[in-house]
Protein chains: 2
Amino acid sequence: MPRASSLSQFTWLALANPTRRSILERLSHGEARVTELARPYSMSLNAVSKHIRVLERARLIRRRRAGRDHFLSFNPDPLTSAAAWIAAQRFLWMSRLDALDALLQAEDAATPKSNKRKDKSR
Amino acid sequence: MPRASSLSQFTWLALANPTRRSILERLSHGEARVTELARPYSMSLNAVSKHIRVLERARLIRRRRAGRDHFLSFNPDPLTSAAAWIAAQRFLWMSRLDALDALLQAEDAATPKSNKRKDKSR
DNA sequence: ACTATATTCAACCTTAAGGTTGAATATGCC
DNA sequence: GGCATATTCAACCTTAAGGTTGAATATAGT
């Protein structure tokens, strides 16, 4: 039973929710307090506080306490592995297509002359 | 109430599950039938069938019917917008850091002269 | 000390996610 | 036709996700 990219599990989970992605978008412009973050949404402050905890667990945001205010800031590091995963899958798919292409080209090259040598140019 | 990247909603949801990511990894090497896909996992065939439907809804995989066999193939297109979102957030964060850096540098340049004029360059 | 503000904690509710099992459907093979 | 194989459909169960409300905690301001 294979397990995929186990460490960044929390990252994908955190990114699955539109509100949380929206929060990250906000924070990518600079840090903000919890109340500030919550203001644009129609949900309760507590709900946003929960979203923040999920993002924190995924280490996508960091918290700096200054008195009663908690300042949240964006940490893009975990996004790196997510982006890498995506890039890898796209690469694998493309290279598989290229291999197929090369195979077909080789067969095309082999048939016209009825000359059955292998294609050495690639 | 802002809504983030609403169209690719299904993409993020589909990617949130490790089994589904694992299925995508398998399919990035080439197409496979449902039973083949399900074999490595300890869960039931039906469970995998459900995961496949989720991936299909996100248009991350395509289905080609050949008799009783259904061949699934990877479609990397939706990954593009996900990757773009990640890239955008990282870019915004970096450029914000750069702006901050420039600001500090400007202040450094202003102070040594003990010249207390207001910073008009912002 | 008192009151207002910022944030979390705890208990609860509703719904959807992920899984199971058993039956239905469609195709392939003899 | 009859039987095996490939896949989905439908009904159900369990748990976690996302939300609410009300109280607790901590700090700020006067």
Side-chain angles (χ1 to χ4, degrees), chain A residues 1-6 8-27 30-73, chain B residues 1-6 8-27 30-73:
Chain A
M1 27 187 156
R3 302 204 353 108
S5 46
S6 53
S8 54
Q9 175 61 18
F10 288 136
T11 309
W12 292 110
L13 228 78
L15 294 177
N17 184 279
T19 301
R20 284 194 292 266
R21 287 198 302 280
S22 170
I23 289 177
L24 285 185
E25 288 171 12
R26 166 66 184 79
L27 286 179
E31 65 176 14
R33 292 179 307 118
V34 176
T35 316
E36 282 168 15
L37 280 181
R39 187 158 25 238
Y41 306 99
S42 53
M43 71 189 72
S44 75
L45 176 66
N46 276 6
V48 174
S49 180
K50 273 188 175 185
H51 281 306
I52 287 172
R53 267 205 313 168
V54 174
L55 288 167
E56 236 181 332
R57 188 183 55 171
R59 301 200 329 283
L60 280 163
I61 67 180
R62 295 214 194 83
R63 186 187 301 255
R64 174 174 67 85
R65 250 150 290 222
R68 57 181 175 177
D69 296 325
H70 296 203
F71 286 92
L72 289 324
S73 63
Chain B
M1 24 186 156
R3 301 202 353 107
S5 47
S6 56
S8 56
Q9 176 60 19
F10 288 136
T11 308
W12 292 110
L13 229 78
L15 292 177
N17 183 279
T19 302
R20 285 195 290 266
R21 287 198 302 279
S22 169
I23 289 176
L24 285 186
E25 288 172 11
R26 166 66 184 78
L27 286 179
E31 64 176 15
R33 294 179 305 119
V34 177
T35 317
E36 282 168 16
L37 279 182
R39 189 156 25 238
Y41 305 100
S42 52
M43 70 189 71
S44 77
L45 176 66
N46 275 8
V48 174
S49 181
K50 272 188 175 184
H51 281 306
I52 288 172
R53 268 205 312 169
V54 174
L55 289 167
E56 237 181 330
R57 188 182 55 169
R59 300 199 330 284
L60 281 163
I61 67 180
R62 294 213 194 83
R63 188 186 300 254
R64 174 174 66 86
R65 250 151 290 222
R68 57 183 174 174
D69 296 324
H70 297 204
F71 286 92
L72 289 323
S73 63

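Remember, predicted model here, so these are calculated numbers, not experimental data. First the proteins, then the strands, lettered A, B, ... as listed; each starts at 1.
A:Arg65 has its CZ atom 10 Å from the P atom of D:dT27, to the nearest Å. In this structure, NE2 of A:His51 is placed 6 Å from P of D:dG18, rounded to the nearest angstrom. B:Met43 places its CE atom 4 Å from the P atom of C:dG19, with the value rounded to the nearest Å. Between the CZ atom of B:Phe71 and the P atom of C:dT27 there is a distance of 15 Å, rounded to whole Å. We find that CH2 of A:Trp12 is positioned 21 Å from C1' of D:dA16, with the value rounded to whole Å. The separation between A:Lys50 atom NZ and D:dA17 atom P is 10 Å, rounded to whole Å. Per the geometry, CG belonging to B:Asn17 stands 12 Å off P belonging to D:dA17, to the nearest Å. For the pair A:Ile52 CD1 and C:dT7 P, the computed distance is 8 Å after rounding to whole Å.
The side chain of B:Asn46 lies closest to C:dG22 when the candidates are C:dC9, C:dG22, C:dG19. Listed candidates were D:dC9, C:dT7, D:dG18. Nearest to the side chain of A:His70 is C:dT7. When distances run from any side-chain atom of A:Arg68 to the nucleotides C:dC9, D:dT27, C:dA17, the shortest one goes to D:dT27. Distance from the side chain of A:Thr19 is smallest to D:dG19 among D:dG18, C:dA17, D:dG19.
Within the 4.5 Å cutoff, the side chain of A:Ser73 has no heavy atoms near those of the A:Arg64 side chain.
Between B:Val34 and B:Leu72, the shortest heavy-atom distance links the atoms CG2-CD2, 3.5 Å. The minimum heavy-atom distance between B:Gly30 and B:Arg26, with the atom names listed, is O-NH1, 3.2 Å. Closest of all the heavy-atom pairs between B:Thr19 and B:Tyr41 is O-OH, 3.9 Å.
Rounding to the nearest 0.5 angstrom, the gap separating the CD1 atom in A:Ile23 from the NE2 atom in A:His51 is 6.5 Å.
Positionally, the nearest nucleotide of DNA chain C for B:Arg57 lies more toward the 5' end than for the other of B:Leu45 and B:Arg57. Between A:Ala66 and B:Leu72, it is B:Leu72 whose nearest contact on DNA chain D lies nearer the 5' terminus.
Listed pair B:Ser44 / C:dG19 fails the phosphate criterion, with no side-chain N or O lying under 4.0 Å from OP1 or OP2.
Listed in residue order, the members of residues 31-38 of chain B having a heavy atom less than 4.0 Å from DNA chain C come to none.
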Using the side-chain contact (heavy atoms from CB on, under 4.5 Å) rule, take A:Leu60 and A:Leu27 through it: C-alpha gap first, then chi angles, then the decisive distance, then the call. CA-CA 10 Å; A:Leu60 280 163; A:Leu27 286 179; over 6 Å; no

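Between the A:Arg20 side chain and the A:Leu13 main chain, a donor and an acceptor come within less than 3.5 Å of each other.
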